[in-house]
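Worksheet: the structure to be examined is printed underneath.
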Protein chains: 2
Amino acid sequence: MTNLLKNKKISETPFRKEVLAIFGRYNNAIPLSIVEKELKEYNRITLYRTIKIFLEKGIIHEITISGEESNYAVCQEECNTDAHHHQHIHFKCKKCEIIYCVEINKFPSIALPNYKIEQLEIQATGLCQSCNV
Amino acid sequence: MTNLLKNKKISETPFRKEVLAIFGRYNNAIPLSIVEKELKEYNRITLYRTIKIFLEKGIIHEITISGEESNYAVCQEECNTDAHHHQHIHFKCKKCEIIYCVEINKFPSIALPNYKIEQLEIQATGLCQSCNV
DNA sequence: TTTTTAAGTGCAACAATGTTGCAATAAATA
DNA sequence: TATTTATTGCAACATTGTTGCACTTAAAAA
Ligand SMILES: [Zn+2]
Ligand SMILES: [Zn+2]
Ligand SMILES: [Zn+2]
Ligand SMILES: [Zn+2]
């Protein structure tokens, strides 16, 4: 996790390491508000810039759901500035409201007449492993 | 289109009719900035409240793509406050950048062990009918 | 390791976006 | 038409995100 910053060719500062460590402690996507809560003290602007560069460099990716706060989760290693290479869906649990990145082996494909589909992004809602009892 | 407001049980005001007419003139999703451009003069707050109630009542739905302005498109008749009943995907063209609501007859389904999936939302990117030549 | 260079941080100030209370106004209902 | 109810516009505010610039820190070179 630590060498991720070096791998992505951005300076390894204490603040960035700390933010990255927070993401690492969760195995689901988290909103900025949680990052802020976990940081004892921080500069609002620096945090914005950190999130921005993490997104640009493919360190994290953003999950947006209409009417809700954006969530962020660490990317796969292969992601970069130009493209994200995820083979997962974003699953939001209706009960615990946690958003998970769920790996999926056979990604569905759809065809639309006259359209050329290059990429699919899937968001699912329902009950997660813990809540589906 | 006009009686849509009555059907959804909200007051039929000149402003609301005008905003609804703008959505009706497009056959794709549009951002707030286009609505604003089409309105000769308008009150910013009233527009926000109009969009908000349209969303709540299931008159329009919101399409959010990470890092981009939200887009809005008219809903199917069956949509309501509690649930949207769309059988379509959101397709964003890489070239013209327009976002379309594309009807799809066989909606894909996915299964995840231990998860209970209740709803899927799909966003696709590629080339639209016009740009795919 | 020290020096040089490049990048990151924090402050101030600003811009954009969204919200709320309240009085005036308009729409729906009786 | 009169009454009730909902909508609108204003002012003021809250939140979110951005930019320029000086200062500090990290990385690279010597
Ligand atoms: Zn859950
Ligand atoms: Zn993800
Ligand atoms: Zn196109
Ligand atoms: Zn749609």
Side-chain angles (χ1 to χ4, degrees), chain A residues 1-23 29-72 80-81 99, chain B residues 1-23 29-72 80-81 99:
Chain A
M1 201 79 176
T2 311
N3 52 354
L4 188 52
L5 296 171
K6 278 179 186 164
N7 291 350
K8 301 289 179 172
K9 294 189 181 63
I10 62 165
S11 296
E12 199 178 16
T13 68
F15 185 73
R16 285 176 182 173
K17 280 198 263 186
E18 201 182 350
V19 173
L20 198 52
I22 293 169
F23 283 112
I30 54 172
L32 221 50
S33 57
I34 286 189
V35 178
E36 288 171 320
K37 233 172 280 171
E38 297 246 350
L39 294 164
K40 16 197 164 304
E41 61 180 48
Y42 68 97
N43 181 279
R44 204 174 59 93
I45 296 142
T46 304
L47 179 55
Y48 275 117
R49 289 198 269 223
T50 300
I51 295 297
K52 204 176 183 182
I53 200 167
F54 279 12
L55 287 170
E56 283 168 6
K57 297 287 176 176
I59 293 169
I60 58 172
H61 61 285
E62 189 179 25
I63 300 127
T64 47
I65 296 182
S66 297
E68 295 184 26
E69 212 180 350
S70 281
N71 278 257
Y72 304 92
N80 58 49
T81 312
I99 294 169
Chain B
M1 201 79 177
T2 311
N3 52 354
L4 187 54
L5 296 171
K6 278 180 186 164
N7 291 351
K8 301 290 179 171
K9 293 188 181 65
I10 62 166
S11 297
E12 199 178 16
T13 70
F15 186 73
R16 284 175 183 173
K17 279 197 264 186
E18 201 182 350
V19 173
L20 198 52
I22 292 169
F23 283 113
I30 54 171
L32 221 52
S33 55
I34 286 190
V35 178
E36 287 171 320
K37 234 171 280 173
E38 297 246 352
L39 294 164
K40 16 195 167 305
E41 61 179 49
Y42 68 96
N43 181 279
R44 203 174 59 93
I45 296 141
T46 305
L47 179 56
Y48 274 117
R49 289 199 270 223
T50 301
I51 296 296
K52 203 176 183 182
I53 200 167
F54 279 13
L55 286 170
E56 282 167 8
K57 296 288 176 175
I59 293 170
I60 59 173
H61 61 286
E62 190 178 25
I63 299 127
T64 48
I65 296 183
S66 296
E68 294 184 28
E69 212 181 351
S70 281
N71 277 257
Y72 304 92
N80 59 50
T81 311
I99 294 169

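Chain identifiers are assigned alphabetically (A, B, ...) following the order of the sequence lines, protein sequences preceding nucleic acid strands; residue numbering begins at 1 within each chain. Here the structure is a predicted model, which means the values were calculated and not measured.
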| task | Would you indicate, yes or no, if C/dG10 has its OP1 or OP2 atom less than 4.0 angstrom from a side-chain nitrogen or oxygen of A/Thr46? | result | yes
| Whole-Å distance separating the CD1 atom of B/Ile53 from the C1' atom of C/dA27 | 13 Å
| note | Of the candidates C/dT19, D/dG9, D/dT18, the side chain of A/Arg44 sits closest to D/dT18
| Do you know which two heavy atoms are closest between B/Ser66 and A/Glu62, and how far apart they sit? | OG-O, 3.2 Å
| query | Just how far is it from atom CZ of B/Arg16 to atom CG of B/Leu4, taken to the nearest 0.5 Å? | reply | 12.0 Å
| query | Between B/Lys57 (NZ) and D/dA6 (C1'), how many Å, whole number? | reply | 11 Å
| When we call it a touch if two heavy atoms are under 4.0 Å apart, what does B/Arg16 touch: a base, just sugar-phosphate, or nothing? | sugar-phosphate
| query | How long is the line joining CG of B/Leu5 and P of D/dT7, in whole Å? | reply | 11 Å
| request: Please determine, for the side chain of B/Asn43, which listed nucleotide (D/dG9, C/dC11, D/dA27) has the closest atom? | output: D/dG9
| Proximal nucleotide (of D/dC10, C/dT19, D/dT16) relative to the A/Tyr48 side chain | D/dT16
| field | Length of the NZ-P vector between A/Lys8 and C/dG8, whole Å | value | 16 Å
| task | Using atom CG of A/Leu47 as one end and atom C1' of C/dG8 as the other, report the distance to the nearest whole Å. | result | 14 Å
| request: Among B/Ile34, B/Ile60, B/Ile99, find the residue that satisfies the side chain to side chain contact (heavy atoms under 4.5 Å, CB included) test when tested with B/Asn71. | output: B/Ile99
| request: Report the residue (A/Ile45 or B/Arg49) whose heavy-atom-nearest nucleotide on DNA chain C is the more 5′ of the two. | output: A/Ile45
| request: Answer yes or no: is there a side-chain heavy-atom contact under 4.5 Å between B/Lys40 and B/Glu18? | output: yes
| field | For atom CG of A/Leu32 and atom P of D/dG17, their distance in whole Å | value | 7 Å
| request: Rounded to the nearest angstrom, tell me the gap between atom CD1 in A/Ile51 and atom C1' in D/dT18. | output: 16 Å
| Just how far, in rounded Å, is C1' of C/dA7 from CZ of A/Phe15? | 16 Å
| note | Of the listed D/dT18, C/dT20, C/dA27, the closest approach to the A/Lys52 side chain comes from D/dT18
| A/Leu5 versus A/Ile59: any side-chain heavy-atom pair under 4.5 Å? | yes
| query | Is there a side-chain polar atom (N or O) of B/Thr13 under 4.0 Å from OP1 or OP2 of D/dT8? | reply | yes
